[in-house]
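Each remark here refers to the structure printed beneath this line.
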Amino acid sequence: MSGQASNIVILTGAGISAESGLGTFRDAGGIWSKFDPMKLATPEGYAADPDTVLDFYSARRANLLEARPNGAHLALAQLEQAWMQAARGQFLLVTQNIDDLHEQAGSASLLHMHGELLKTRCTACGHLFTDREPLAVPRVCPSCGQAGTLRPHVVWFGEMPLGMDQIYAALEQADLFVAVGTSGTVWPAAGFVQEARAAGAWTVELTLEPGEVSALFDERHYGPATEVLPDWVQRLTGAGPAHA
Ligand code: BJW
C-alpha cells in the first residue's frame, strides 16, 4: 500500500447510498424537499404527532429492506480490509446514514453517528433492539411492556449525535480524513474536516458536487460515488502516491 497515511477516518453521507436507491436529503427531489424536517426529524415533531413520524420511518424502513450496497460501499469495505491486513494504523468509518448498507458490504469498524433505522428504542426504559417491523403498528416495548413508547433509533435535530467522544479521538489522531457523499450542511459532522486539519490530516472530499465546506478540503473529486470512490481507493491502495 502506498502513501504516508496511517490513521484514517472516513465520513459518509446520503450520497453514498443514492445509487442504491435511497434518497438524499437536500438534492433536488430529496427527502427534505418533500417532507418537513421540523415535523419529522425533531423531538418536538414526534411529541406533537407521533403517528405521522412513525409512518414516515416505517416507509423508509420498508425501502431500506429492498436496498443493497453499491460499488462505493464495497470499495470502502475493501479499503478497510486492505488497511487492516497491511497493519497501516487505525481505521474508522463514521456514517451519518441510518441505513445498513456499510454493514451489508462488509465494513466492520463502523460508527452510526445519526443512529440506525433497523433499530427501535423505548423512550420509557431505554431498551434498544434490532427491528425490521413497521414502526407505525401499535406495539408494546418487549422489555418494559409499556405501550406508545417505541421510536426509531435515529438522531433528530437538537439531539446529541452518537459516539462523539470516539469520533473526536479518532480525528485527533487522523493522518487522512475522507468525506464521501455529504453536503456538509449538518453539524457537528460538517466540522470534522476542520478537526482533522487541525490534527494535520490530509483531507479529501469525494461527492457529486461542491458543498458547504468544500473549500476546506486539500483534495476534491466530483462525480457519482460508484465512480470516484473506487478510483480513489485504487489510487490509495494500488500504484502511485495516495495523496499530496
Ligand atoms: C452524491 C450522489 C452520488 C448525491 N454520489 N454523492 C452549528 C454547530 C452545531 C450544531 C448546529 C449548528 N447549527 C445548527 C446546528 C444544529 C443542527 C444542524 O446542523 N442544523 C443544520 C441544518 C444547520 N444539528 C443538530 O441538531 C445535531 N445535533 C447537535 O448539533 O447536537 C449538539 C452538538 C454540537 C456539537 C457537538 C456535539 C453535539 C443533530 C443532527 C441530526 C441530523 N439528523 C438527520 C436525520 C436522521 C434521521 C433520518 O435519516 O431521518 O440526519 S437530518 C439528515 O441530514 C440526516 C443526515 O445524516 C444529515 C446529513 O445529510 P447528508 O448525508 O449530508 O445528505 P445531503 O442530502 O445533505 O447531501 C447529500 C450529498 O450527496 C450532496 O452533497 C450531493 O451532492 C451528494 N450526492 N448523489 C456521490 N450518486
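This one's a predicted model, so the numbers in the text were calculated from it and none came from an experiment.
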ask   = Mind checking what makes side-chain hydrogen bond (donor to acceptor under 3.5 Å, both in side chains) contact with T12, not counting sequence neighbours?
value = T95, H102
message = Here's a test for you: under side-chain hydrogen bond (donor to acceptor under 3.5 Å, both in side chains), which of R220, E205, E209 qualifies with S214?
response = E205
request  = Applying side-chain hydrogen bond (donor to acceptor under 3.5 Å, both in side chains), name anything that partners E103, two or more places apart in sequence or on another chain.
outcome  = H112
ask   = Closest approach of K119 and R61, non-hydrogen atoms and distance?
value = O-NH2, 3.3 Å
Residue list, side-chain hydrogen bond (donor to acceptor under 3.5 Å, both in side chains) with T182, at least two apart or on another chain = Q96
ask   = Are any non-hydrogen side-chain atoms of V155 and M160 less than 4.5 angstrom apart?
value = no
ask   = Heavy atoms, side chains only, cut-off 4.5 Å: are Y57 and V53 in contact?
value = yes
key: Partner residues of F129 under the ring-ring contact (aromatic ring centres under 6.0 Å, His included) criterion, sequence neighbours left out   = H127
ask   = What distance separates S6 OG from F91 CZ, expressed to the nearest 0.5 Å?
value = 13.0 Å
message = Any side-chain to backbone donor/acceptor pair from D27 onto G30? Under 3.5 Å, distance only.
response = no
ask   = Should L229 and D231 count as side-chain neighbours, where that means a heavy-atom distance under 4.5 Å?
value = no
request  = Please identify each residue that fulfils side-chain contact (heavy atoms from CB on, under 4.5 Å) with P224, with sequence neighbours left out.
outcome  = E19, L208, T226, E227
ask   = Just wondering, more than 12 heavy atoms not from Q104 lying within 6.0 Å of its CD?
value = yes
key: Path from V233 to L206 over hydrophobic side-chain contacts below 4.5 Å   = yes
From L79 atom CG to S107 atom OG, the distance as rounded to the nearest 0.5 Å = 9.0 Å
ask   = Around atom CG of D36, are there more than 12 heavy atoms of other residues, nucleotides or ligands at under 6.0 Å?
value = yes
request  = Please tell me if the side chains of D175 and I8 come closer than 4.5 Å, counting only heavy atoms from C-beta onward.
outcome  = no
Donor-acceptor pairs under 3.5 angstrom involving side-chain atoms of residues 65-77: please list them, not counting sequence neighbours.
from, atom 1, to, atom 2, distance (Å)
N70, OD1, A72, N, 2.7
N70, OD1, H73, N, 3.3
N70, OD1, H73, ND1, 3.4
N70, ND2, I16, O, 2.8
N70, ND2, S20, OG, 3.1
H73, ND1, N70, N, 3.1
H73, NE2, S17, OG, 3.2

query = At what distance, to the nearest 0.5 angstrom, does CG of D100 lie from CG of L118?
reply = 5.0 Å
note = On a heavy-atom basis, the closest approach of S58 and P134 is OG-C, 3.6 Å
task = Answer with yes or no whether the hydrophobic clustering places Y222 together with V178; edges join I, L, V, M, F, W, Y residues whose side-chain heavy atoms lie under 4.5 Å apart.
result = no
Side chain proximity check, F56 to K39, heavy atoms < 4.5 angstrom = no
key: Partners meeting side-chain contact (heavy atoms from CB on, under 4.5 Å) with D218 (sequence neighbours left out)   = R197, W202, T203
query = Taking the side chain as C-beta and beyond, is there a heavy-atom pair between L162 and E116 under 4.5 Å?
reply = no
inquiry  = Under the rule for ring-ring contact (aromatic ring centres under 6.0 Å, His included), what residues qualify as partners of F157, not counting sequence neighbours?
reply    = none
ask   = If you group Ile, Leu, Val, Met, Phe, Trp and Tyr by side-chain heavy-atom gaps below 4.5 Å, do L54 and V140 land in one group?
value = no
Residue list, side-chain hydrogen bond (donor to acceptor under 3.5 Å, both in side chains) with T42, at least two apart or on another chain = none
query = What's in the same ILVMFWY side-chain cluster as V94, cut-off under 4.5 Å, chained through other members?
reply = V9, L11, L92, L111, M113, M164, I167, Y168, L171, F177, F192, V193, V213, L216, F217
ask   = Can you tell me if R151 uses its side chain to pair, donor with acceptor, with the backbone of V154 under 3.5 Å?
value = yes
request  = Check for a donor-acceptor pair, side chain of E159 on one end and backbone N or O of W156 on the other, with a separation under 3.5 Å.
outcome  = yes
Those residues that, when tested against A14, pass side-chain contact (heavy atoms from CB on, under 4.5 Å) (two or more places apart) = T24, F25, N97
inquiry  = Using the side-chain contact (heavy atoms from CB on, under 4.5 Å) criterion, which residues pair with T149? Sequence neighbours excluded.
reply    = C122, T123, A124, C141, Q146
message = Are Q90 and W83 packed together at the side-chain level, in the sense that at least one heavy-atom pair is separated by less than 4.5 angstrom?
response = no
message = With heavy-atom distances below 4.5 Å as the criterion, would you say the side chains of H153 and T120 are in contact?
response = no
